[in-house]
Amino acid sequence: MDKQNPSEPASRETGTTDFVRSLIDADNAAGTYDGKVHTRFPPEPNGYLHIGHAKSIVLNFGIAEEYGGKCNLRFDDTNPEKEEVEYIESIKEDVRWLGFDWEERLFFASDYFEQLYEFAERLIQKGLAYVDDQSADQIRETRGTPTEAGRNSPFRDRTIEENLDLFRRMRSGEFADGSRVVRARIDMAAPNINLRDPIMYRIRRQHHPNTGDAWCIYPTYDWAHGQSDWIEGITHSICTLEFENHRPLYDWFLDALDAAAPNRPRQIEFARLNLGYTIMSKRRLLELVREGHVSGWDDPRMPTICGMRRRGYSPEAVRNFCRSIGVSKTNSQIDIAMLEFHLREDLNRRAPRVMAVLDPLKVVIENYPEGKVEQVEADNNPEDPDAGTRLLPFSRVIYIEREDFREDPPKKFFRLAPGREVRLKHACYITCNEVVKHPVTGDVVELRCSYDPESAGGTTPDGRKVKGTLHWVSADHAVDAEVRLYDRLFSVANPADQAQREGREYTSYLNPESLSVLKQCKVEPSLREAPVGTTFQFLRHGYFCPDSRDSSLDAPVFNRTVSLRDSWAKLEQSGAAG
RNA sequence: UGGGACGUCGGCAAGCGGUCAAGCCACCGGGUUUUGAUCCCGGCAUUCGGAGGUUCGAAUCCUCCCGUCCCAGCCA
């Protein structure tokens with residue numbers, strides 16, 4: 001057996017393990033599946049994938065990888081009413097983008113409709129399933145409640161022959177939509193409501209994205225899922241907590257079909273991901289899109305994979321985040337600071353540094369010759385010596401960040417102020433000599449400065465120190481750009497819960513400042529041809545990427561992925577800056 | 001009032017009867033720095049939802065209680 005040495009669990013790298021891996025380790029130690037580990041990621045193609053799915057994808061594909069097993073991509077397409085090919089394609093793209101490969105194992109529950117149908121006949125033959133002629137309403141009424149048992153259907157004791165005949169005629173389209181269902185014959189008094197003769201098939205004349213009009217009966221999730229796992233040879237069927245109540249049914253179907261180890265899948269449930277200040281339900285996400293609260297599924301504020309991609313997140317960062325949050329059965333909500341941490345960690349390592357002035361203030365360097373242009377050398381990434389350097393044009397008129405100048409600076413402010421000297425990153429030292437104000441509004445419109453001709457590349461021969469280093473951009477060479485700053489989508493940590501508690505619409509908690517657009521930004525010339533798909537560090541600001549939809553050569557548009565940590569802002573806000 | 005699950009630091013999360021209750025994020029110091037970024041160093045639960053009990057010894061076992069989540073779709 002070349003699979004996995006039970007004495008060396010796959011989780012040894014981290015030194016700690018989650019309960020799913022522990023369970024797998026135990027199965028391996030006991031030889032339950034002959035050491036085989038085979039998982040699957042089973043999305044329903046009724047929406048776009050979000051960060052919560054990423055957690056599941058990283059878990060399922062990750063486990064397969066660690067244990068030398070496989071992970072299938074299987075679409076749970078049993079309900080043609082909500083499912084569309086658009087979603088199938090986007091899901092494939094997103095899983096790939098996250099960095100996972102299902103190889104040749106792309107499956108659909110609908111691939112097994114015929115097999116499932118045969119299985120169902122088998123259950124009928126064994127007296128374990130029956131055709132029920134009751135209406136949906138009747139079925140609901142007789143199901144009982146959590147505290148009261150349900151009542152048996154009058155059709156529950158039909159003969160096997162009659163059931164078989166009816167089932168075949170259901171398939172062949174003899175009956176109207178909704179007129180009959182097939183149910184598992186379990187126990188209408190079971191305390192677990194899922195066991196009160198759950199529905200296996202419903203009649204629905206609906207075009208199916210995969211099977212077209214071949215079927216007018218469709219299996220339910222409960223009937224299709226476990227059997228699909230079994231057919232594919234899945235060993236560990238990992239799903240979220242809300243399916244815990246379904247596990248007895250999952251097992252009941254497998255028992256009914258005489259599934260046995262080592263080929264009998266096992267369902268394991270973990271807590272789904274909840275992130276603060278956003279929403280994770282596909283239904284609500286769809287609403288945000290349809291009602292126009294966001295620009296689409298890939299709006300950079302959305303927690304969708306495509307939204308994060310457009311926002312400039314890297315797949316590595318998303319994966320690291322998913323791995324770092326752990327897997328447990330505790331309902332919890334992760335702090336977005338955790339996501340941002342992994343984003344910065346990854347982007348810091350890889351993002352090319354670049355200068356961009358978001359709120360420009362004109363600076364004239366009076367003792368710098370008019371018309372002269374120097375090319376200064378700038379490193380592309382101090383974290384990565386292999387990233388090389390580039391040349392930046394420097395000239396008499398530049399822009400600096402408006403907030404980098406204070407006419408009346410607080411104590412711990414060590415940027416530019418009247419009479420102060422600061423360093424222009426990669427270029428020279430300048431001193432502010434004069435503040436030019438608008439005659440009417442009194443706003444600062446321009447700074448008159450002088451530079452030290454001895455200073456070069458950011459240092460001076462005498463080695464004197466300055467406290468502040470500013471980013472800048474040469475006025476004549478700068479490229480105009482639009483920059484979009486994003487903030488949390490909702491202004492409360494728990495929009496869904498809070499809405500319910502306070503009897504409001506969750507949309508009433510949408511953060512009105514989740515997007516702010518800056519139109520007059522000045523960015524360094526190298527950004528004119530910034531390729532979509534790379535995220536840059538705008539020095540001293542944060543990470544930004546060209547918007548994949550709206551950015552063009554003529555009118556570049558950048559999305560802020562995440563800001564840099566800003567201890568000065570924190571200091572100033574706390575009032576400790578003097 | 002039925003069934004299933006979960007409660008360990010501000011947020012995650014290890015721990016599975018035996019010296020001090022991992023680690024990460026956040027936070028708070030301090031150092032380095034041509035990004036107030038990064039990096040480095042240090043601090044951060046005498047206590048494990050509560051109360052009893054078993055034991056030489058319990059976050060870990062037992063009992064009761066409290067709190068939270070899931071289940072009455074022909075959704076998944």
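Both thresholds, 5.5 Å between centres and 30° between ring planes, are not jointly met by A:Tyr221 relative to the base of B:A76, so the two rings are not stacked.
Residues in residues 564-578 of chain A take part in these salt bridge (charged side-chain N to carboxylate O under 4.0 Å, His left out) pairs, two or more places apart or across chains: A:Arg406-A:Glu572. Among pairs with a residue in residues 381-391 of chain A, those fulfilling side chain to side chain donor-acceptor pair (under 3.5 Å) read A:Arg353-A:Asn381, A:Glu377-A:Thr389, A:Arg390-A:Glu524, at least two apart in sequence or across chains. Among residues at least two apart or in separate chains, salt bridge (charged side-chain N to carboxylate O under 4.0 Å, His left out) pairs with a member in residues 187-197 of chain A are A:Arg156-A:Asp197.
Under the ring pair (Phe, Tyr, Trp, His ring centres under 6.0 Å) rule, A:Tyr201 has a single partner from A:Phe113, A:Tyr218, A:Phe167, which is A:Phe167.
Side-chain contact check for A:Glu44 versus A:Thr78: every heavy-atom pair is 4.5 Å or farther apart.
Listed pair A:Arg353 / B:A37 fails the phosphate criterion, with no side-chain N or O lying under 4.0 Å from OP1 or OP2. Between A:Thr330 and the phosphate of B:C12, there is no side-chain N or O to OP1/OP2 separation shorter than 4.0 Å.
Residue A:His246 places a side-chain atom within donor-acceptor reach of the base of B:A76, judged by atom type and a 3.5 Å distance cut-off alone. Remark: the A:Asn194 side chain and the B:C71 base include no donor-acceptor N/O pair separated by less than 3.5 Å.
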Pull out every protein N or O sitting under 3.5 Å from an N or O of nucleotides 65-69 of chain B, one pair per line with the distance.
{"residue": "B:C69", "atom": "O2'", "partner": "A:Asn331", "partner atom": "ND2", "Å": "3.1"}

Show me the donor-acceptor pairs, under 3.5 Å and distance only, between side chains in residues 51-59 of chain A and residues at least two apart or in other chains.
{"residue": "A:His53", "atom": "ND1", "partner": "A:His50", "partner atom": "N", "Å": "2.9"}
{"residue": "A:Lys55", "atom": "NZ", "partner": "A:Ala271", "partner atom": "O", "Å": "2.7"}
{"residue": "A:Ser56", "atom": "OG", "partner": "A:Asn60", "partner atom": "ND2", "Å": "3.3"}

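For A:Pro146, the listed nucleotide lying nearest its side chain is B:A72; candidates were B:A72, B:A5, B:A13.
Nucleotide B:U38 holds its P atom 10 Å from the CD atom of A:Gln537, rounded to whole Å.
Heavy atoms of A:Tyr543 sit nowhere under 4.0 angstrom from any nucleic acid atom.
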**Report entry** Residue pair A:Glu141, A:Arg151: steps toward the salt bridge (Lys or Arg N to Asp or Glu O under 4.0 Å) verdict
**Finding:** CA-CA 9 Å; A:Glu141 281 157 22; A:Arg151 276 170 285 129; over 6 Å; no
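For residues 335-348 of chain A, proximity to RNA chain B is found at A:Asp335, A:Ala337, A:Met338, A:Phe341, A:Asn348, defined as any non-hydrogen atom under 4.0 angstrom from a strand atom.
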